[in-house]
Every structure is written in structure tokens, then in C-alpha cells.
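As C-alpha cells, the structure follows; a few thoughts come after it.
None of the values given here were measured: they were computed from a predicted structure. Heavy-atom basis, side chains included; hydrogens, waters and symmetry copies ignored. Below, chains carry the letters A, B, ... as their sequence lines are ordered, and counting in each starts from 1.
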There are 2 protein chains.
Amino acid sequence: MLNLGQVDRASDRAVYRQVADMLREKIQRGELEPGDRLPSESELAEHFNLTRMTIRHAIQDLKNEGLVISEHGRGVFVRAAPPVRRLAADRFARRHRQAGKAAFLAEAEQSGHMADVDRIEVGYMPATADVAHRLKVSEGARVVRRSRRYLANGRPVEQATSYVPADVAAGTAIEQLNTGPGGIYARMEEAGHTLSHFVEEVSARMPSPEERRSLDMSPGVPVITLVRTAYDTAERPLEVCDTVKVAHAYVLEYRVPAQ
Amino acid sequence: MLNLGQVDRASDRAVYRQVADMLREKIQRGELEPGDRLPSESELAEHFNLTRMTIRHAIQDLKNEGLVISEHGRGVFVRAAPPVRRLAADRFARRHRQAGKAAFLAEAEQSGHMADVDRIEVGYMPATADVAHRLKVSEGARVVRRSRRYLANGRPVEQATSYVPADVAAGTAIEQLNTGPGGIYARMEEAGHTLSHFVEEVSARMPSPEERRSLDMSPGVPVITLVRTAYDTAERPLEVCDTVKVAHAYVLEYRVPAQ
DNA sequence: AAGTGGTCTAGACCACGAG
DNA sequence: TCGTGGTCTAGACCACTTC
């Protein structure tokens, strides 16, 4: 078993915090490596002369920090970091589309991960207030809704939903499940729309229970939300894409001119 | 008191989850507004015929989702959202520096918040491996370290630490507590460096206990980490700035060319 | 079957905040 | 002083995983 010290009952610091501190230190020093199992709650309770509830309180804190995950019937494990997907500043460069690669695949290739897409759903619906505002169409206007889930090395890392005005999508593969080489942006350019730039709005928050389930996330891990709007050269919005990403799976990179 | 239902003891769903569900719904429906106090743990325990520990478990979940905060001796309150600071894509435009505004103040002006900076520390130190790599200097090279905390409407929202190579900072106000109008970027340009662009790397995670303390954050709220590197026209890094932001206080906006 | 974490009880004492 | 949340005990039974 681990070489753990003892708690100081006279200390001001709550004992469950002291236990969490000791375990956190073992993890951060690397004495407990990703994938390693922590001593069981009963073992820890016995070692520290505390009840299981107090030990659980300590472990709950570590779960909330994202350091460990618990698996019912198996144990508590140091969290193994998923592959970090670095989203490069040039990921929407035209040369990638022309080479027949959709953005997600272009990224995966750069970082050497295995990429998958599943749970693709496509259909028409009336625009909600928020989507309508971003697409500069009237509320309730017909839009194509495309949602899908991305996986890296078999693990879900992102849930994305795109909205495209009906007249942009009509008669193109954007209405189909499979949008063909280069993805929907390639189809838009084929249809005569020239993409000019994207605006991305990035934030972070805790996931809703549904998002946690959909992305197979352990509790206490945040998500990055990214809303991307694609504009043509006339500043017309061609697409809004709402994404929820498992936070620790991503580093987003942007290049900002000083001008 | 609130019009709360009862739990279903026969349900598969744990009763503490059912309690959390009911409270969450009240909050999301707006029946409990930001700043409102929830019924006390004892009141909830009595209402639901559960022990306080079970009620606390439900409330813990809501805290982890960032929906409520607890205050010792006062109660549990629906979290009041801090002002959201939208970081615009052009926040480092030269015209802002020339107008004598540092980036943080430029943003604050745009969004109509009161901005403050405190806990400013300046000093020389040897570059760590990570900083040295980003600044393209050798590990241990002398750099100026500038750290400070930003507040919006009096609430801490960001902790930032900048590193500047010694030869860039030497003899300028970058070595001083007060860097003067336009901030360190203005001083760099005065000293003959021409800023070309910035690269920002964005991610999100749960804060460490120290970060939580420093930013006065309630438990269960994530942070956005942003590392910005400033380059001159010769692609030389002039500054690395490591920031930790309270996640729900920020929306970062970027403009990405389609090439 | 044995060991693990998940849930829940029924108490206790403490520290903090407001009146 | 009183009500609030914070901590902790000493159990119990359950669900899940592994063997």
C-alpha cells in the first residue's frame, strides 16, 4: 500500500481535506500514475482511523477537481488523460477543404489520432430565436439541423450541431447524412458561396446531466462551448455550429493579428 | 415555502438525485431567482422525510453544477451570475494601444463594466522550462515576471502572469509596477519592437484550491486557461502571458479567416 | 462469494452569521 | 442566542465487478 501519513486531529484543517491533500500530492508527484487504483475506501478508512463517509468526502473533492474517477464495483482510479486535440488556428484553411478533408479529420491527422463520427442526424426545422439571430434570418425560418458526435481514439470528445439556412442547403449534400469530401463547407463553395471568415465564441461551464451522458464524461469535468458562425464575403452567415467539447481533451489555438 | 413535491422511494433514481432534480427545475424555471435562498437543509430534510446528509448530497450536486453556492451560517443561495466579459476579437488592435488603453480596460469599456487591477507583482526570475520554450530563450534565462489580478465590478475574474525577456524589458516601464498608458505592449512598440500577432491557446479545467481562493470562486466552477504569446514581425516572442479566468465570467471571441 | 463503490440513516458537535 | 451550514461517527443495505 501507499506510504501515506496520518491526519492531525488537532489541526484547523478538516480531516477529509487533509486526506484529500495527501492523495492529491501522491498524484501530482507521480507516485500515483494515471490509471492507478487508489486504496479502497475501506483500506483508507482503516489506515486513517476514519469512517468511510469521511474518506468518501475526501475522494469526492478529488473527483470534483477531475483528478480521479470512481468506477462502481472496481475502485477509484487516477484519471487517465484522454488524447489532447489541439485545434490549430488554420484548421479551416481552404487548402484542407480542397484536399478533400473535413475540419475534424484535418485536425485528427495533425495530432495523430483516430477520428470517428457517429450519431449523425439531419433534418429540417424552424429556427429558434438564438439560431435565427445568428443566421440573420427570421425566427421560425426553415433551417437544416445537422447534429453529430465526434470521437477521438474511440472516446467521445465533442457533440456538435450545425444550422444552415434552407436556401443554402437546398439541393446539396448538406441535406444528406454524408456530405462528401471536404464536408459542408466544400459543398457551400461548390454551390457558389465563397467563405470569408468564421467567428468563434468560446466559453466553459459544467455540463448538464444529458451532456455528461452523451459525452460519457466523469463527474466534475467541465466542457468548452464553442459557437462558430461562418460568413461569406458579403458577411452573410451561412452556418451556425454549436459545439460542446470535453474540456480536458482540447486546446484551442488562435492567431490574433496585432493590427 | 416552495411548492416542492415528494420523492418516489420506489424509483430507481436515487432520492438525493430526485431532490436535486426538483430544486434544479425550480431554479431553471425561474421560480428560484439568482440570490434567492433555498429552504434550509433542516426544512428540506423534514419536508422530504430524509436525513440532512441526504439533502446535503443533493445540494452538493447543485453546487458542483454551479447552480447554487452555500454560505456558512447564512444558507444556500441561487448563484448570481457575474457580469460576462466578452473578449472581442480586436481587443489587441493597435488603435486601442495608441488611444492609451490597455487591453483589459478596452474590454471593460466595451462591455460597460468597472475594471480594477490589484495584487500587482513585478520581479526578475530565471525562466522555467515551459516559459523558456515559449519565449524561445534558454531555460534559466533572466525574464521579468509580472503577475496581477483583474476585477470586474469589484469581483475577481482573472489572474494573469506575464513573462518578458530581460533584454526587451530592460530600461522600460515594463520593469515598473505601473507600466503607463497602453500597457506593456505600448512600451514595447516605443522601444522599437513592432508587434505582429498573438497566438492564444485556450483550454478549460477545474481550478486548484489556490486558484479558487485567489479568484474567490465557489466550488464546482471551472476556469478558462489562456496562454497568449506575443510575436514581433520577425516571429520573435516578446511576451508570454498565462491567464486563469473564472469561466462563467467570460466569452472569448475570435475571428478566423477561411484563407 | 468477496470486494468494491453508491446510497441512506440517525444521530453528534462545531463554526459562522444575524439579531 | 438561535438558526444556518460544516464536519464526523458508526453503522446498514444495495449494486456492480471480478473471480
Would R145(B) and S147(B) count as a side chain to side chain contact (heavy atoms under 4.5 Å, CB included) here? Give the steps.
CA-CA 7 Å; R145(B) 175 184 187 277; S147(B) 74; 3.6 Å; yes
Roughly, in whole Å, what's the span from [atom1] in [X] to [atom2] in [N]?
X	N	atom1	atom2	value
Q60(B)	dG6(C)	CD	C1'	15 Å
H72(B)	dG3(D)	NE2	P	15 Å
R13(B)	dC14(D)	CZ	P	21 Å
I55(B)	dG6(D)	CD1	P	14 Å
D12(B)	dC14(D)	CG	C1'	12 Å
E46(A)	dT9(D)	CD	P	14 Å
F48(A)	dT7(D)	CZ	P	17 Å
E41(B)	dA10(C)	CD	C1'	15 Å

Closest to the [X] side chain, choosing from [options]:
X	options	answer
A14(A)	dC8(D), dT4(C), dC8(C)	dC8(D)
E43(B)	dT9(D), dT4(D), dG5(C)	dT4(D)
M53(A)	dT7(D), dT9(C), dG6(C)	dT9(C)

Do S162(B) and R228(B) pair up side chain to side chain, a donor and an acceptor below 3.5 Å, judged on atom types alone?
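There is no such pair (donor and acceptor under 3.5 Å, judged by atom type) between the side chains of S162(B) and R228(B).
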Assign each of H57(B) and R52(B) to its nearest nucleotide of DNA chain C by heavy atoms, then name whichever residue's nucleotide is nearer the 5' end.
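The residue closer to the strand's 5' end, by nearest nucleotide, is H57(B).
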side-chain N/O [X] vs [N] OP1/OP2, d < 4.0 Å:
X	N	result
R17(B)	dT7(C)	yes
T54(A)	dT9(D)	yes
S70(B)	dT4(D)	no
R74(A)	dG6(C)	no

Kindly indicate whether the side chain of L4(B), heavy atoms from C-beta on, has any atom under 4.5 Å from the side chain of F48(B).
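The answer is yes, as the side chains (C-beta and beyond) meet within the 4.5 Å cut-off.
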Under 3.5 Å: donor-acceptor pair, side chain of Q18(A), backbone of R13(A):
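Checked: pair present.
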Under the criterion side-chain contact (heavy atoms from CB on, under 4.5 Å), which of L151(B), V246(B), D118(B) is the partner of P156(B)?
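Exactly one option meets the side-chain contact (heavy atoms from CB on, under 4.5 Å) with P156(B), and it is L151(B).
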On DNA chain D, compare the nucleotides closest to Y16(A) and G73(A); which residue's is nearer the 5' end?
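On the 5' side of the pair lies Y16(A).
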Is I59(B) touching bases, backbone alone, or none of the nucleic acid, heavy atoms closer than 4.0 Å?
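I59(B): no heavy atom of the nucleic acid under 4.0 Å.
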